[in-house]
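Below is one structure, written out as structure tokens; comments come after it.
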Amino acid sequence: MPEPATHQLFIAGRWVDGVSGQTFDSVNPADTRDVVGRFQAGGAADVAMAVAAAGEASKGWRATPAPKRGEVLYRFAALMAEHKERLARAMTREMGKVLAEARGDVQEGIDIAFLMAGEGRRLFGDTVPSELPDKWAMSVRQPLGIAGIVTPWNFPIAIPCWKMMPALVSGNTVVFKPASDAPHVATLLVELMEEAGFPAGTVNLVTGSGGEAGDAIVDNPDVAVISFTGSSATGRSIAERAGRRLKRLSLELGGKNAVVVMRDADLDLAVDGILWSAFGTTGQRCTACSRVIADRPIADELVRRLAERAERLRIGSGLDESVEVGPLVNAPAATKVESYVAIGRGEGELVCGGERETAGELAHGHFYQPTIFTGVGPMARIAQEEIFGPVLSVIPADGYAEAMAAANGTRYGLSASIFTQSVNTAFRAMRDFEAGLVYVNAGTTGAETHLPFGGWKDTGNGHREAGHVALDTFTEWKAVYVDFSGRLQRAQIDNQPS
Ligand code: UN1
């Protein structure tokens, strides 16, 4: 194997080595003999420089007319489209998702970049009538300053773009800390941002661990807002640190997303939707389906069809176009899946999978079979805890009310879906699901970039990504009143009967 290339941090418009001189390797999860690259282990000193650069760049960037900022986003979106295949292949090699899904991930980045580029000409506020005569009333958005962007490996282009595009178009500058399992894709992304013409210091990249680089960003008093996607445990710790500084914080955390299948459902369609959302991305999406709530009359038949199809899914390197299920991201992820499957054996009946896949070349990667348990109780650990792997629990329920109670009976609330042919049941479910994303007759994955993305309950802290509401995370509202009457007018007083 050739010596892997060493990559640098991007600070103040220059590619530089980290202060400590330490590096870490990014490894292909489908074949751990393949080292993708060597990356700077950035720490507090690097973050301090990146924040200083972002602060310096902030003055010019926030003064740049928003439509002009949007033009840079347009160029960046077009560059991503031009380089889509190269980015997708790099993504599959670095974090394992199959090529078709890697292309989708890049596309999601392109989509949000174009959407937010258009926001350069909107950034809508409200213009409203004043309660007093000859008085103007409106609200405008203004940037917060420096945004700290801390992202996961599972959507290494889409999620950084979901966060950075609204931050940048609304006039913030950025310090970007990507996951240690996907620093190469992040580097390629920032190279394209440089080429697109974001001014020096507007976007700064610091690779490194969460404990070193991530915490340094969260703790830096000059970083006004943090946007984080990852585990609930890390989210909670970031919230505590950010809370001490009254810092704006947007969290996108775990999920335990359910598909409800009613007795009147189109079962073929339900099977397609469940398999795609449970085993696509090897179950490593925040939105992945990990619970099926099966109405009792169809439960056995549904499980039979799911198992029969799951056993036939092709496992292997995502670079092989015929493969449907790629590897887990790293060794700890595989160990975690193994331990939950061991727990599941005591909580339900294993109907397929349940083992690592180690045949031939697969022994060099972190492969795990699509796994289904049935007869699982709604409060079982495998039905409550996020596994983030290809493990699906089927929970039988008697009718709509019991199914909905099971679906909502979790501390998470990201995505939920129902399969039914009844319009009444569909509308009830749209009302009753406690989740930020609801699907009718589709699986739990596949959110589009122009509607709000995020979850209820412990999945987040009330903020949303994507859609125009994503701007709320990165802007301050300013209400502006202009009195052109030429006299003192007292609101709530002078226009009331005396
Ligand atoms: C995630 O897993 O954090 O809705 C993001 C979906 C994708 C995004 C998933 N559009 O499944």
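Nothing here was measured: the structure is a model prediction, and the numbers come from that model. Ligands are counted one by one from 1 in listed order, and the atoms in each one are counted from 1 as well. Hydrogens, waters and symmetry mates play no part in the numbers below; they use all other heavy atoms, side chains included.
At a 4.0 Å heavy-atom cut-off, ligand 1 does not touch T281 at all.
For ligand 1, the atoms sitting less than 4.0 Å from at least one non-hydrogen atom of I159 are 3 (O), numbered in the order shown with element in parentheses.
Regarding atom 4 (O) of ligand 1, its nearest protein heavy-atom neighbour is A447 N, 2.7 Å. Atom 6 (C) of ligand 1 has as its closest protein heavy atom G446 N, 3.2 Å. Given atom 9 (C) of ligand 1, the protein heavy atom at minimum distance is F155 CE1, 3.6 Å. Shortest contact from atom 2 (O) of ligand 1 to any protein heavy atom: C286 N, 2.7 Å. Ranking the protein heavy atoms by distance from atom 10 (N) of ligand 1 puts E108 OE2, 2.8 Å first. Looking only at protein heavy atoms, the nearest one to atom 7 (C) of ligand 1 is R285 NH1, 3.6 Å.
Within a 6.0 Å radius of CZ in R121, no more than 12 heavy atoms belonging to other residues, nucleotides or ligands are found. Summarising the local packing, CD of E324 is surrounded by more than 12 heavy atoms from other residues, nucleotides or ligands at distances under 6.0 Å. Heavy atoms of other residues, nucleotides or ligands lying less than 6.0 angstrom from CD of E448 number 12 at most.
Residue F176 holds its CZ atom at 8.0 Å from OG1 of T187, rounded to the nearest 0.5 Å.
A cation-pi contact, defined as under 6.0 Å to the ring centre and within 45° of the axis, links K97 to F155.
Taking distance alone, with nitrogen or oxygen atoms compared against 3.5 Å, T287 approaches ligand 1 more closely than that limit. Between W162 and ligand 1, no N or O atom pair is found at a separation short of 3.5 Å.
Looking at every heavy atom in both residues, M91 comes nearest to V185 through CA-CG2, 3.6 Å.
Ion pairing between a basic and an acidic side chain is recognised when a charged N comes within 4.0 Å of a carboxylate O; R244 and D219 show no such pairing.
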